[in-house]
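So that the names make sense, note that chain A is the first sequence line, chain B the second, and so on, each numbered from 1.
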Amino acid sequence: MKILKSLNEVQKEAVVYNSGPHIIVAGAGSGKTKVLTHKIAYIIEEGIEPSSILALTFTNKAANEMKERILGLIGSSKAKQIWMGTFHSIFSRILRTEAPKLGYRSNFSIYDKEDSVSLVSNMLEEFNMTNDNLNPSHVQHKISQQKNKMIYPEEFAKNYIQNIFDKKVAYLYPFYNKRLFENNSMDFDDLLLKPIELLNSDSKLLAKYRSQFKYILVDEFQDTNHAQYELLKLLVHGKTKICVVGDDAQSIYGWRGADIKNMLDFEKDFEKAKIFRLEQNYRSTKNILLAADSIIKNNSEQINKTLWTSNEDGEPVTLIKSSDEKDEAFLIAKQIKQEIATKKLSLNDIAIFYRINIQSRAIEEALRREKLPYKIVGGTEFYQRKEVKDLIAYLRILINQNDEESLLRIMNYPQRGIGNTSIVKMIAFARKHNLSLFQTMSRIFEVIEVKERIQKNVKQFKILLDKYVELKDKLSISELISALVDDLGVLKMYKEEGTSESMQRYENVLELLASIRQFEKDNSKIKLEDFLGDVSLMAGVDMMDTKDNSLTMMTIHSSKGLEFPVVFITGCEEDIFPLHRKFDTDSIVDEERRLFYVAITRAEKKVYVTYARSRYRFGEVAYQSRSRFIDELDENVVEELNGPYGKRSGRKKKSFYDELYQHGYDYDFSQEQRSLRVGSRVTHDVFGMGKIIAITGAGDMQKVTVAFEHDVTKTLLSKFANLKIV
DNA sequence: GTCGTTCCAATTTTT
DNA sequence: TTGGAACGAC
Ligand SMILES: Nc1ncnc2c1ncn2[C@@H]1O[C@H](COP(=O)(O)OP(=O)(O)OP(=O)(O)O)[C@@H](O)[C@H]1O
């Protein structure tokens with residue numbers, strides 16, 4: 001059979017296996033995704049209906065690629081009928097049909113993080129809690145964490161309150177859910193929670209989906225959260241075939257609720273689960289695997305796995321040292337030119353990874369200067385930009401008039417003389433009369449607190465919206481948005497402003513129009529509702545264009561599942577990678593280490609690791625020390641490209657002089673500064689462990705602000721503080 | 001209600 | 001350093 005031909009023995013076994021739940025646990029590049037792909041193709045060839053297969057991937061892009069591969073394998077367009085996508089997109093699709101059973105309408109909006117945060121923010125204002133010192137985004141994050149652990153408001157309030165912050169969150173949490181519901185909207189977590197509620201409460205529906213999905217396959221299983229796992233447990237029953245694949249060493253979304261425990265529990269929860277282990281890596285050179293292994297073995301908790309390759313030894317990992325982030329970027333550009341010149345590589349073969357998006361700035365600049373074309377994957381995503389979101393908000397309100405967040409966004413965009421005071425009055429009226437804000441606009445003349453002149457503005461706005469509600473079924477999406485953009489005059493507005501930001505916005509609006517036209521071309525007869533759903537669930541990598549010839553830049557998180565011949569891992573310095581704040585626990589550093597492992601294992605032939613001795617952070621120079629991960633790399637597979645201070649020493653503990661070198665020569669080595677600098681870890685006799693977050697003054701008057709454990713921050717005179725460096 | 005100025009947190013990572 | 005929120009003047 002053709003489908004099995006390009007597989008090794010274990011892979012074949014796993015593809016063909018059909019006697020019950022199975023999990024494929026294997027290291028990077030061992031062909032997990034490949035097995036999953038071939039398995040699906042195999043099942044279809046066996047005569048199983050594609051529409052009875054549910055295949056869950058981590059990104060939409062991965063889903064599309066998998067579909068294409070399957071198409072190539074079975075040569076039939078049947079692949080289109082597979083239920084394939086991310087958990088979020090699949091279950092939002094199911095909710096479009098089933099949500100009415102929960103009291104939502106099927107045109108519900110999907111709130112992304114920003115929408116959710118702004119909902120929280122508006123709630124704080126409405127509840128007069130703006131003085132409570134609550135950061136809306138922290139509140140939202142906390143709520144989201146509970147939701148994806150399936151901890152409901154009552155339970156949270158009862159069992160999980162540890163401090164005053166939790167208490168306030170517990171107060172807000174039920175109202176937050178209520179508001180979402182009233183807005184006929186769901187946040188990302190609801191897209192998983194609501195299906196769980198539905199399937200738990202409606203046995204007929206459960207039966208329907210259980211018989212619908214005869215095969216369930218999950219890629220990147222190590223990064224599923226509790227809600228996702230619960231969904232799987234619900235859907236899988238006696239006859240369902242379930243196959244999951246994952247690598248615990250690549251779990252990098254713990255902060256988003258993902259739990260490796262799911263992998264360990266699988267055997268327990270799914271009876272007679274069979275484990276397959278793939279041990280041959282087909283992606284990388286021996287040296288790269290050695291380097292990756294030397295990193296990951298520093299993590300204590302791991303599922304034991306072997307990984308070997310018959311590929312060549314290849315080149316060592318090359319370390320590039322630089323003085324600051326500009327220098328780093330320049331050296332990367334220089335090295336890329338050399339790679340291309342000497343190795344017949346194309347730009348597409350090279351990727352530059354970073355820990356945090358901000359790092360891309362300096363690199364972009366250097367690449368532009370050196371005339372190296374690049375693309376940024378993810379980052380401040382296109383659909384996240386303000387002007388784009390504003391226009392999308394118009395579309396959303398046309399579909400779902402209860403979507404108050406969207407309505408608030410556009411109420412005064414572009415400016416039409418409806419200010420905050422009037423909006424507050426309108427909301428009060430809406431709450432009092434149990435109306436939506438949208439309905440309130442129809443009765444604006446009853447809201448006597450709003451000035452007459454402004455009532456007229458509201459009326460005008462309402463007429464505009466009504467007109468487009470009317471038009472939305474008559475025009476295509478692109479015609480609709482073009483007409484709207486014209487009507488609103490935003491293009492003209494940006495042009496007249498004439499600043500460089502405005503021009504950027506102008507461009508972005510044009511790009512939005514173009515992208516909608518493209519979207520229409522790719523998905524004929526698509527409905528506005530579906531377009532909006534897709535847009536909210538679009539991941540950064542989903543937009544990645546692999547056709548054009550350019551370098552790829554992205555965060556390591558976005559690089560998951562991808563592979564490139566040459567990989568640059570940049571900013572390998574303490575406090576960047578591992579990026580940690582104040583007091584990180586081992587488990588957080590372990591996740592950073594897994595992230596580093598993911599980064600290395602994306603590479604086929606060559607890894608560069610770069611770091612800088614200083615970089616601008618928050619507008620001031622911060623002196624960096626190189627990442628512990630660099631020291632963890634197996635010396636035998638590492639070379640230094642430009643160590644101006646001699647060869648890397650194998651010493652684990654740095655000497656005082658090394659420390660000096662680390663921090664550069666343009667540094668004042670006076671006693672107190674050497675010892676105390678921003679970022680230094682210190683201990684205090686009374687307060688214990690801490691980290692310096694600011695230093696002011698000098699000499700006897702020098703003050704240091706230290707963040708101690710348990711959220712205690714103190715500003716002390718260094719003369720008396722007697723801080724000891726650790 | 002709008003515009004300009006000042007002030008402050010942000011640089012985690014994203015479905 | 002930057003962008004958004006907050007504040008005050010008109
Ligand atoms: N039996 C095989 N023969 C040749 N090449 C293979 C084989 N199995 C996998 N590969 C290749 O190895 C590379 C890695 O495969 P794949 O992406 O499926 O691995 P993975 O285990 O999912 O990796 P990761 O977990 O790192 O994302 C791919 O280029 C794939 O084509």
Side-chain angles (χ1 to χ4, degrees), chain A residues 56-63 85-92 110-114 116-118 121 125 130-131 135-138 141 144 147-148 186-192 220 223-225 227-228 251-258 325 353-362 377-381 383-386 411-412 414-424 450-451 453-454 457 501 533-542 554-560 571 575-582 584 588 591-592 594-596 598-599 615-622 693:
Chain A
L56 297 156
T57 56
F58 196 73
T59 61
N60 295 300
K61 177 169 178 283
T86 62
F87 272 92
H88 291 87
S89 65
I90 293 288
F91 287 99
S92 75
I110 297 171
Y111 280 7
D112 65 15
K113 177 146 185 133
E114 193 194 329
S116 303
V117 170
S118 105
S121 186
E125 203 164 311
T130 40
N131 295 328
N135 180 331
S137 103
H138 291 168
H141 185 70
S144 172
K147 287 179 98 165
N148 65 44
M186 301 208 195
D187 63 12
F188 281 150
D189 304 309
D190 283 340
L191 295 179
L192 308 171
E220 307 281 11
D223 274 322
T224 50
N225 66 26
Q228 290 166 333
S251 164
I252 54 175
Y253 282 90
W255 49 274
R256 208 172 76 184
E325 75 275 22
F353 296 158
Y354 33 84
R355 176 67 243 268
I356 45 182
N357 283 307
I358 192 96
Q359 288 176 261
S360 72
R361 287 256 180 109
V377 178
T380 310
E381 281 148 45
Y383 288 103
Q384 304 277 35
R385 299 190 191 148
K386 188 185 170 303
M411 189 75 86
N412 204 26
Q415 276 182 347
R416 51 172 69 87
I418 309 175
N420 203 252
T421 351
S422 305
I423 292 176
V424 169
V450 172
K451 288 208 195 80
R453 181 170 53 90
I454 290 149
N457 293 342
E501 293 96 59
D534 280 9
V535 162
S536 331
L537 296 176
M538 186 106 70
V541 273
D542 295 343
M554 60 172 98
T555 62
I556 300 160
H557 282 91
S558 300
S559 78
K560 183 172 157 112
D575 285 355
I576 296 271
F577 196 7
L579 175 111
H580 50 183
R581 314 167 99 195
K582 289 194 245 167
D584 280 349
I588 289 181
E591 180 154 315
E592 296 280 316
R594 293 195 292 271
L595 194 58
F596 200 86
V598 168
R615 69 175 67 231
Y616 265 96
R617 293 189 82 183
F618 306 118
E620 58 180 26
V621 180
I693 53 179

- From A/I576 atom CD1 to A/E592 atom CD, the distance as rounded to the nearest 0.5 Å: 10.5 Å
- When rounded to whole Å, the CG to C1' distance for the pair A/L579 and B/dT14 reads 15 Å
- Query: Does the ring of A/F618 lie flat against the base of B/dT11, closer than 5.5 Å centre to centre with planes under 30°?
  - Reply: yes
- CE of A/M186 to OH of A/Y111, rounded to nearest 0.5 Å, is 12.0 Å
- Task: Return the value, rounded to whole Å, for the distance between atom CG of A/N135 and atom P of C/dA5.
- Result: 12 Å
- So what does A/I454 hit on the nucleic acid, given a heavy-atom distance under 4.0 Å: a base, only sugar-phosphate, or nothing? sugar-phosphate
- Task: Using atom NE2 of A/H88 as one end and atom P of B/dT14 as the other, report the distance to the nearest whole Å.
- Result: 15 Å
- Atom pair OG/CG of A/S89 and A/L56 - distance to nearest 0.5 Å: 8.5 Å
- Message: If the cut-off is 4.0 Å, is A/S422 near the phosphate of B/dG1, judged by side-chain N/O to OP1 or OP2?
- Response: yes
- Residue mapping more 5' on DNA chain B - nearest nucleotide basis, A/G417 or A/Y616: A/G417
- Message: If I take atom OH in residue A/Y111 and atom P in nucleotide B/dT15, what distance separates them, rounded to the nearest angstrom?
- Response: 20 Å
- Message: Just the rounded figure in Å: distance from P of B/dT15 to OH of A/Y253.
- Response: 6 Å
- Query: Rounded to the Å, how far apart are A/F596 CZ and B/dT12 C1'?
  - Reply: 17 Å
- Query: According to a strict under-4.0 Å criterion, is A/T421 in side-chain N/O contact with OP1 or OP2 of B/dG1?
  - Reply: yes
- Task: Give a yes or no on whether A/K451 atom NZ has more than 12 heavy-atom contacts from other residues, nucleotides or ligands under 6.0 Å away.
- Result: no
- Figure out the CZ/P separation between A/R617 and C/dT1, and round it to whole Å. 16 Å
Distances under 3.5 Å between nitrogen or oxygen atoms of protein and nucleotides 3-5 of chain B:
unit_1, atom_1, unit_2, atom_2, d
B/dC3, OP2, A/Q415, OE1, 3.0
B/dC3, OP2, A/Q415, NE2, 3.2

- Item | B/dT2 OP1/OP2 closer than 4.0 Å to side-chain N/O of A/N420 | no
- Item | Side-chain N,O (A/T59) to OP1/OP2 (B/dT15) below 4.0 Å | no
- Message: Side chains of A/D189 and A/S144 only: does a donor on one sit below 3.5 Å from an acceptor on the other?
- Response: yes
- Task: Describe the nucleic acid contact of A/G419 in one word from base, sugar-phosphate, nothing, applying a heavy-atom distance below 4.0 Å.
- Result: sugar-phosphate
- Query: What residues, two or more places apart in sequence or in another chain, satisfy side chain to side chain contact (heavy atoms under 4.5 Å, CB included) together with A/F618?
  - Reply: none
- Task: May I ask you to evaluate whether A/S558 reaches the phosphate of B/dT14, defined as a side-chain N or O under 4.0 Å from OP1 or OP2?
- Result: yes
- Task: With rounding to the nearest 0.5 Å, note down the distance linking CG in A/D190 to CZ in A/F91.
- Result: 14.5 Å
- Message: Under 4.0 Å, counting only non-hydrogen atoms across every strand here, what does A/L595 touch: a base, just sugar-phosphate, or nothing?
- Response: nothing
- Partner residues of A/E220 under the salt bridge (charged side-chain N to carboxylate O under 4.0 Å, His left out) criterion, sequence neighbours left out: A/K560
- Output the single nucleotide from B/dT15, B/dT13, B/dT11 whose closest atom is nearest the side chain of A/N357. B/dT13
- Task: May I ask you to verify if any side-chain N or O of A/N412 is less than 4.0 angstrom from the OP1 or OP2 atom of B/dT2?
- Result: yes
- Between atom CG in A/D575 and atom P in B/dT11, what is the gap in whole Å? 16 Å
- Message: For the P atoms, the ones on C/dG4 and on B/dT13, what distance do you get once it is rounded to whole angstrom?
- Response: 16 Å
